[in-house]
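All heavy atoms count here, side chains included; hydrogens, waters and symmetry mates do not. Sequence lines set the chain letters: A, B, ... in the order given, protein chains first and strands last, and positions in each chain run from 1.
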Amino acid sequence: GNSVTQMEGPVTLSEEAFLTINCTYTATGYPSLFWYVQYPGEGLQLLLKATKADDKGSNKGFEATYRKETTSFHLEKGSVQVSDSAVYFCALSDFAGNNRKLIWGLGTSLAVNP
Amino acid sequence: GAGVSQSPSNKVTEKGKDVELRCDPISGHTALYWYRQSLGQGLEFLIYFQGNSAPDKSGLPSDRFSAERTGGSVSTLTIQRTQQEDSAVYLCASSLVLLVGDTQYFGPGTRLTVL
């Protein structure tokens with residue numbers, strides 16, 4: 001079945017460091033890919049998405065490119081801030097048959113120190 | 001505009017009691033989803049509604065769990081005879097239904113604690 005594998009955390013960085021959170025997937029068909037973020041004490045928010053191969057999603061300085069050849073959707077940011085401290089979830093949409101659910105990675109906790 | 005709302009935000013119950021969790025989706029969103037977020041286990045899909053019907057109930061963990069949606073809007077997730085392993089954050093999401101790339105918008109969740 002479809003699945004998402006996400007690098008384990010926690011990840012701890014200093015402010016202005018470069019961030020990569022790896023995400024790889026297994027899927028039949030052509031899923032859409034998503035990164036969601038959960039800030040402390042808040043609900044899940046969509047960070048960015050890509051709906052087809054080679055698409056790049058971007059938002060708030062974060063980017064991720066849908067790579068079909070490597071089945072990856074790695075999240076990157078060039079210079080993290082303390083306010084980026086949160087849990088990041090990679091997900092894919094499973095639209096097989098009547099399904100419209102999201103399949104989730106386990107989440108990666110990021111702590112950014114000043 | 002208003003986002004997805006859920007109530008209650010917190011629920012503490014005793015083992016064996018029934019609980020009802022409510023979700024109010026974004027107006028106009030035809031699709032509604034329930035997920036469960038357990039510590040250390042990530043997010044688990046429970047059920048999906050399109051309008052008032054549930055084409056996919058595959059994620060409901062047991063027959064103690066049921067859900068309904070009325071008027072194409074509000075949904076209720078009911079857990080009967082709660083067990084301690086039901087303790088989790090229950091998340092509701094809604095979306096428009098597009099050919100690709102629907103974005104699911106999440107509510108703040110209901111934290112359920114079964115004593």
Side-chain angles (χ1 to χ4, degrees), chain A residues 1-10 23 25 27 29-53 55-57 59 64 66 68 73 86-109, chain B residues 2-7 9-10 23-26 29-51 53-61 67 69 88-111:
Chain A
N2 295 348
S3 66
V4 174
T5 302
Q6 199 175 330
M7 69 183 277
E8 290 186 25
C23 172
Y25 67 90
Y30 303 95
S32 295
L33 300 172
F34 304 81
W35 277 100
Y36 279 81
V37 59
Q38 190 169 33
Y39 297 104
E42 298 185 17
L44 279 164
Q45 304 174 24
L46 177 69
L47 180 59
L48 52 85
K49 70 179 183 182
T51 59
K52 61 183 186 298
D55 265 4
K56 178 187 284 187
N59 186 25
Y66 188 158
K68 196 163 177 65
F73 193 55
V87 181
Y88 293 81
F89 293 90
C90 184
L92 69 81
S93 57
D94 182 346
F95 283 4
N98 284 322
N99 292 335
R100 298 195 77 83
K101 61 189 175 188
L102 289 173
I103 308 293
W104 297 84
L106 292 180
T108 302
S109 175
Chain B
V4 178
S5 60
Q6 293 186 245
S7 61
S9 54
N10 278 285
C23 172
D24 211 329
I26 293 172
H29 281 190
T30 55
L32 185 147
Y33 313 79
W34 285 98
Y35 295 87
R36 179 167 70 174
Q37 186 175 23
S38 303
L39 198 61
Q41 294 191 28
L43 283 102
E44 174 189 12
F45 168 79
L46 298 178
I47 188 169
Y48 150 63
F49 286 93
Q50 177 55 42
S53 65
D56 188 359
K57 303 180 183 179
S58 63
L60 293 177
R69 189 180 186 194
V89 178
Y90 289 81
L91 295 170
C92 176
S94 71
S95 75
L96 296 170
V97 176
L98 307 174
L99 286 177
V100 293
D102 309 13
T103 295
Q104 296 184 18
Y105 296 88
F106 283 80
T110 294
R111 181 175 297 279

Region of I47(B) in contact with chain A, defined by heavy-atom distances below 4.5 Å =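 Nothing of I47(B), per the 4.5 Å heavy-atom cut-off to chain A.
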ask   = So which part of E44(B) gets closer than 4.5 Å to some heavy atom of chain A, the side chain, the backbone, both or neither?
value =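 Neither part; nothing is under 4.5 Å.
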task = Between chain B and each of L102(A), V87(A), L106(A), count heavy-atom pairs under 4.5 Å; write down the option with the most.
result =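 The residue among L102(A), V87(A), L106(A) with the greatest pair count is L102(A).
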ask   = Is the centre of the W104(A) ring less than 6.0 Å from the centre of the F106(B) ring?
value =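 They qualify: ring centres under 6.0 Å apart.
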Below 4.5 Å from any heavy atom of chain B, which atoms of [X] appear? Answer side chain, backbone, both or neither.
{"X": "L46(A)", "answer": "side chain"}
{"X": "Q45(A)", "answer": "neither"}
{"X": "I103(A)", "answer": "neither"}

task = Work out which heavy atom in L43(B) is nearest to a heavy atom in F89(A); give both atom names and the distance.
result =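 Residues L43(B) and F89(A), closest heavy atoms: CD1-CE2, 3.6 Å.
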message = Is it the case that atom NZ in K52(A) sees more than 12 heavy atoms from other parts of the structure closer than 6.0 Å?
response =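 Open: at most 12 neighbouring heavy atoms sit under 6.0 Å from NZ of K52(A).
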task = For S7(B), enumerate each residue passing the side-chain contact (heavy atoms from CB on, under 4.5 Å) test, keeping only those at least two apart in sequence or located in another chain.
result =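 Listed in chain order: R22(B).
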